[in-house]
Structures are given as C-alpha cells and as structure tokens.
**Q** 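The structure follows.
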Amino acid sequence: MSTEEYSRQGYEQLQKEEYEQARSFFQRALAEESAHPDSLYGIARAHFKLEAFDKSIQAFDRLINLVPNNAMIYSERGVALHWTGNNDLALADFDKAVALEPENPYRYSSRAYIKDRLK
C-alpha cells in the first residue's frame with residue numbers, strides 16, 4: 001500500500017473512532033514517508049484521542065517544522081500541552097495561533113481559557 005492509502009485508511013479509522021487502528025495506519029504511512037504532513041496530523045490526532053498527549057505533542061512538533069504557519073496546528077498542540085499541565089507553553093501556542101489567524105474568535109477563547117487557568 002502507498003503512503004496516501006495508509007493515510008486515507010487512518011482517517012477512515014479516526015472517523016469511526018477506532019483510534020488504535022488509525023494510529024497503526026498512520027505509523028505505516030510514516031514508515032513509508034516520515035515527513036508526510038497529513039499522516040503526521042492524523043497520528044497526532046490519534047495519539048491525542050488515546051490520551052497519549054506527549055506523543056501527540058511530538059507529532060505536532062514535527063508537523064510544525066514542516067508547516068510552520070498553520071494556526072490550527074499550534075492551537076491543537078496547545079490543547080495537548082494543556083492536558084500535560086504545560087499551560088505556559090500552551091499559552092505561547094495559542095498566542096501564535098492568534099497571531100496567525102487574528103480573525104478567528106476560537107483562537108482568542110482558547111487563549112482566554114488558559115489565561116484563566118494560570119490566574
């Protein structure tokens with residue numbers, strides 16, 4: 001199977017909420033092409049859904065190196081960072097998401113939530 005096919009099947013499993021299977025397909029895709037953005041995003045989401053937040057963050061880190069100006073990636077990594085208790089780093093990610101997408105109100109609400117948590 002090709003990288004694209006593994007990735008496509010991974011997303012099908014994500015939609016079915018079959019996160020272990022999704023992760024397996026994304027791992028196969030990344031074994032074929034380690035810098036495949038769609039598969040990196042998919043595996044980050046699968047790890048997140050499985051509450052493997054550190055692994056999710058690592059995948060988002062790799063993805064940010066490939067796609068450095070995507071607000072959604074910073075926002076989602078910020079949520080994972082929050083779940084690991086790294087609220088200062090989460091806030092920095094939400095700040096970056098706001099800077100990249102200042103017209104998106106969700107970016108501000110995420111940042112406000114973390115600021116409230118930090119008091």
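Atom set for the values below is all heavy atoms of this structure, side chains included, hydrogens, waters and symmetry mates excluded.
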**Q** Table please: side-chain donor-acceptor pairs of residues 92-103 below 3.5 Å, with sequence neighbours left out.
**A**
{"unit_1": "D93", "atom_1": "OD1", "unit_2": "R77", "atom_2": "NH2", "d": "2.7"}
{"unit_1": "D93", "atom_1": "OD2", "unit_2": "R77", "atom_2": "NE", "d": "2.6"}
{"unit_1": "D93", "atom_1": "OD2", "unit_2": "R77", "atom_2": "NH2", "d": "3.3"}
{"unit_1": "D95", "atom_1": "OD1", "unit_2": "R111", "atom_2": "NH1", "d": "3.4"}
{"unit_1": "E101", "atom_1": "OE1", "unit_2": "N104", "atom_2": "ND2", "d": "2.9"}
{"unit_1": "E101", "atom_1": "OE1", "unit_2": "R107", "atom_2": "NE", "d": "2.9"}
{"unit_1": "E101", "atom_1": "OE1", "unit_2": "R107", "atom_2": "NH2", "d": "3.0"}

**Q** According to the ring-ring contact (aromatic ring centres under 6.0 Å, His included) rule, which pairs have a member within residues 52-79, sequence neighbours left out?
**A**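 ring-ring contact (aromatic ring centres under 6.0 Å, His included) check on residues 52-79 returns F48-F53, F53-W83.
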
**Q** I need the L14 CG to I43 CD1 distance, nearest 0.5 Å.
**A**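 Reported to 0.5 Å precision, the distance equals 10.0 Å.
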
**Q** Please enumerate all residues that pass side-chain hydrogen bond (donor to acceptor under 3.5 Å, both in side chains) together with Y41, with sequence neighbours excluded.
**A**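 For Y41, the residues satisfying side-chain hydrogen bond (donor to acceptor under 3.5 Å, both in side chains) (neighbours in sequence not counted) are E76.
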
**Q** Give me each pair satisfying ring-ring contact (aromatic ring centres under 6.0 Å, His included) with a member in residues 99-119, each pair once, sequence neighbours excluded.
**A**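 As it turns out, the ring-ring contact (aromatic ring centres under 6.0 Å, His included) pairs with a partner in residues 99-119, which skip direct neighbours, are H82-Y113.
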
**Q** Residues two or more places apart in sequence or in another chain: which of them pass side-chain hydrogen bond (donor to acceptor under 3.5 Å, both in side chains) with E4?
**A**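 Counting only residues at least two positions away or on another chain, E4 forms a side-chain hydrogen bond (donor to acceptor under 3.5 Å, both in side chains) with H36.
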
**Q** Output all residues satisfying side-chain contact (heavy atoms from CB on, under 4.5 Å) with E20, sequence neighbours left out; order by chain, then residue number.
**A**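 So E20 forms a side-chain contact (heavy atoms from CB on, under 4.5 Å) with R23, L50.
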
**Q** Before you tell me yes or no, could you show the steps for V67 and N70 under side chain to side chain contact (heavy atoms under 4.5 Å, CB included), namely the whole-Å CA-CA distance, both residues' side-chain angles and the distance that decides it to 0.1 Å?
**A** CA-CA 6 Å; V67 187; N70 186 307; 3.8 Å; yes

**Q** Apart from L89 itself, which Ile, Leu, Val, Met, Phe, Trp or Tyr residues share its cluster (side-chain heavy atoms under 4.5 Å, direct or through members)?
**A**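 Grouped by the 4.5 Å side-chain rule, I57, L81 form the rest of the cluster around L89.
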
**Q** Mind checking side-chain hydrogen bond (donor to acceptor under 3.5 Å, both in side chains) for D54 and listing every partner two or more places apart, or none if nothing turns up?
**A**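 Residues passing side-chain hydrogen bond (donor to acceptor under 3.5 Å, both in side chains) with D54: none at all.
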
**Q** S34 versus R62: any side-chain heavy-atom pair under 4.5 Å?
**A**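 Side chain of S34 against side chain of R62, heavy atoms only: contact under 4.5 Å found.
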
**Q** Rounded at 0.5 Å granularity, tell me how far CD1 in I114 sits from CG in N87.
**A**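 That separation rounds to 4.5 Å.
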
**Q** State which residues pass salt bridge (charged side-chain N to carboxylate O under 4.0 Å, His left out) with E5; sequence neighbours excluded, sorted by chain then number.
**A**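 E5 satisfies salt bridge (charged side-chain N to carboxylate O under 4.0 Å, His left out) with R8 only.
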
**Q** Filter on salt bridge (Lys or Arg N to Asp or Glu O under 4.0 Å), then keep only pairs touching residues 28-40, sequence neighbours left out; what's left?
**A**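 Qualifying pairs, neighbours excluded: none.
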
**Q** For Y6, which fellow cluster members are found when Ile, Leu, Val, Met, Phe, Trp and Tyr are connected by side-chain heavy-atom distances below 4.5 angstrom, either directly or through intermediates?
**A**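 Under the 4.5 Å side-chain rule, Y6 groups with M1, F25.
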
**Q** Quick one: side-chain hydrogen bond (donor to acceptor under 3.5 Å, both in side chains) partners of E18, sequence neighbours excluded?
**A**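 Per chain and number, E18 pairs via side-chain hydrogen bond (donor to acceptor under 3.5 Å, both in side chains) with Q21.
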
